[in-house]
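Shown next, in structure tokens, is the structure this report addresses.
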Number of protein chains: 2
Amino acid sequence: MQTHDRRTKMIDLVRIRGFAPLEELVRELGVSESTVRRDLDALQRQGAAKRTHGGAVYSGGLSTATDSNERQPANWAAKRAIAARTVEVIADGETVLLDGGTTTYEVARLLVGRSLQVVTNSLPVANLFASQSRSDLVLLGGYVSPRTGVCLGPYANELLGRLHVTTTVLSAAGITADGLFNAHLLLAETEQAMLRAAGRVIVVADSSKFGSKSLTLVSGLDAIDQLVCDAGLLDSWREIVLAAGVELLIATLPDSPAPSSLASDTDAASAKKTNSRQRPRPV
Amino acid sequence: MQTHDRRTKMIDLVRIRGFAPLEELVRELGVSESTVRRDLDALQRQGAAKRTHGGAVYSGGLSTATDSNERQPANWAAKRAIAARTVEVIADGETVLLDGGTTTYEVARLLVGRSLQVVTNSLPVANLFASQSRSDLVLLGGYVSPRTGVCLGPYANELLGRLHVTTTVLSAAGITADGLFNAHLLLAETEQAMLRAAGRVIVVADSSKFGSKSLTLVSGLDAIDQLVCDAGLLDSWREIVLAAGVELLIATLPDSPAPSSLASDTDAASAKKTNSRQRPRPV
DNA sequence: TGTTTTATGAACGATTTCTTTCGATAGGTG
DNA sequence: CACCTATCGAAAGAAATCGTTCATAAAACA
């Protein structure tokens with residue numbers, strides 16, 4: 001077996017499994033430990049895999065580009081908080097349309113396990129729900145953008161034209177008084193179709209998005225029903241948003257209620273613990 | 001922070017990253033190493049994660065169910081050989097439509113990195129190409145089947161009606177003289193649409209599929225241009241296939257590191273090596 | 001054909017991680 | 001108030017992994 005073939009097989013194995021222990025690679029490829037280590041070094045330099053203690057993780061795919069690497073911790077905390085606040089206003093049984101983007105991805109993660117009908121154009125989001133049987137999943141088709149993993153193009157827009165969802169969760173690259181901006185022309189068209197398909201439009205955007213325009217205008221602020229943002233939003237922006245008739249939801253950082261309840265890990269005290277969630281909800 | 005919340009966050013982190021080093025979990029969750037280990041043990045007993053040296057891998061999703069576990073080694077080797085033979089008859093620059101299924105997934109793996117236009121209804125296949133910029137990717141939309149991760153339904157079929165591809169690679173649950181069979185009614189319709197969209201139809205099926213019917217008939221043998229199978233195909237089936245005007249491609253196992261032969265090789269080689277090492281060559 | 005380069009496997013010390021064990025703290029219970 | 005359980009953090013020995021080095025074999029090359 002040649003070196004190149006072996007490395008191809010190796011990265012195949014790592015990619016399929018997501019993580020491959022070194023010992024397993026040694027066994028399945030029939031070469032020595034040293035050779036596997038050297039190959040993994042080469043694959044790591046090449047960017048296809050990332051070595052860890054005991055093996056290697058696949059890092060060539062979308063997963064690395066989107067989430068594995070470090071993001072700004074502050075931004076990440078804000079996104080998580082926004083996502084946690086967003087899922088509070090989504091009820092079980094709804095049909096939810098999820099846009100692409102890191103913030104909507106966080107929303108999607110928190111929705112996994114809920115009883116929902118999910119519609120999305122994002123491949124990473126679809127992967128979250130694909131294995132679940134709790135929620136139905138509808139994927140918009142079309143051309144898949146390599147960098148972001150979202151489906152674009154006329155097919156996606158046309159399919160959207162025939163769907164109606166109760167709630168659309170939309171992301172944005174920038175927000176000004178003029179409305180929502182996005183960096184992709186095709187994506188803007190798809191998002192406009194998402195707006196038309198929605199009974200309720202929720203926009204998730206951290207405060208850093210405000211005041212910055214991007215390539216193309218998606219829609220005006222009046223198309224938005226609810227906007228979820230972190231507490232860093234300036235008062236001037238709050239006024240602008242409220243003046244446009246948008247309900248503003250501010251996510252607070254310290255509180256992070258995980259709505260997903262796992263099965264009883266320890267049988268004893270779980271019943272009492274579930275009561276620990278205290279959130280006086282004024283109606 | 002409560003134990004349950006912490007474990008929820010932990011499995012979230014592991015799921016997002018695919019692999020999470022222990023040290024990273026210690027840092028991000030703000031607890032001691034011992035606690036993280038104990039939690040990972042619990043999550044592993046629960047089946048949500050799998051511990052490895054230095055961290056944990058997510059094991060709750062589709063990846064585990066579909067590929068990480070062991071498949072039948074014989075069948076797997078046949079599928080790989082079929083896939084290797086199939087990609088030989090696919091030229092760069094083609095527009096290839098890839099069906100769902102484990103064999104077509106192997107074909108897809110070997111096509112990653114080629115310069116192609118790929119159309120598929122399979123989420124796992126799409127994930128293989130999503131990160132690549134070498135090949136364009138078009139994903140069929142529609143309802144996503146939770147178990148297999150393929151897109152089904154009228155939307156997928158309608159989109160297929162407007163596409164034309166040079167080659168369709170189709171899988172089958174069973175093959176008889178009547179034609180191809182499949183186990184899903186909706187999938188059969190989608191595959192019929194795939195046949196109509198194709199300039200050339202390649203069916204990949206290992207020899208165990210022959211002679212077994214399944215829920216529904218997809219098409220007759222005359223719709224097939226090329227059929228790729230392993231060498232275990234009986235002559236009687238070969239005649240039937242050839243009589244239907246199908247070009248038959250038999251996949252051979254050129255490099256199959258069978259464990260028995262590998263072991264004997266190792267023994268012989270080690271004996272020889274030991275001998276030569278004991279007698280150093282004079283310089 | 002002889003030389004150079006590359007690839008491979010084995011060994012050893014250094015480093016890291018794992019498991020086990022122990023003590024401390026918080027919260028519930030009689 | 002005393003007791004008990006569950007959880008957590010820390011330490012130490014055991015085990016596994018990593019990086020390096022060296023010798024051999026194969027391949028590329030002149």
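Naming convention: chains lettered A, B, ... in sequence-line order (proteins, then strands); numbering from 1 in each chain. Predicted model only: the values in this text are computed from it and were never measured.
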- Message: What's the closest nucleotide to the side chain of A:R38 if the choices are D:dT21, D:dA10, D:dC18?
- Response: D:dT21

- Using atom CG of B:D41 as one end and atom C1' of D:dA6 as the other, report the distance to the nearest whole Å. 16 Å

- Query: Would you say D:dG19 has OP1 or OP2 under 4.0 Å from some side-chain N or O of A:R51?
  - Reply: yes

- Query: If you measure only the distance, is there a donor-acceptor pair under 3.5 Å linking the side chains of B:S207 and B:D230?
  - Reply: yes

- Item | Separation of atom NE2 in B:H53 from atom C1' in D:dA14, rounded to whole Å | 12 Å

- Message: In whole Å, I'd like the distance from the CG atom of B:L29 to the P atom of D:dT7.
- Response: 17 Å

- Task: Check whether any side-chain N or O of A:T35 sits under 4.0 Å from OP1 or OP2 of C:dG9, and answer yes or no.
- Result: yes

- Item | Note, B:V204 side chain near B:E106 side chain (heavy atom, < 4.5 Å) | no

- Has the side chain of B:S171 got a donor or acceptor atom that lies under 3.5 Å from a matching backbone atom of B:G100? yes

- Message: Is it the case that the base of C:dA10 and the side chain of A:S34 share a donor-acceptor contact (distance under 3.5 Å, atom types as modelled)?
- Response: yes

- Grab the CG-P distance between B:D39 and D:dT7 for me, whole Å please. 10 Å

- Below 4.5 Å, heavy atoms only, C-beta onward: do B:R200 and B:E94 meet side chain to side chain? yes

- Query: How close or far is atom C1' of C:dG9 from atom CG of A:L22, stated in whole angstroms?
  - Reply: 14 Å

- Message: When you measure from the side-chain N and O atoms of B:R37 to the phosphate of C:dC18, is any distance below 4.0 Å, counting only OP1 and OP2?
- Response: yes

- B:E23 CD to C:dC18 C1', in whole Å, measures 16 Å

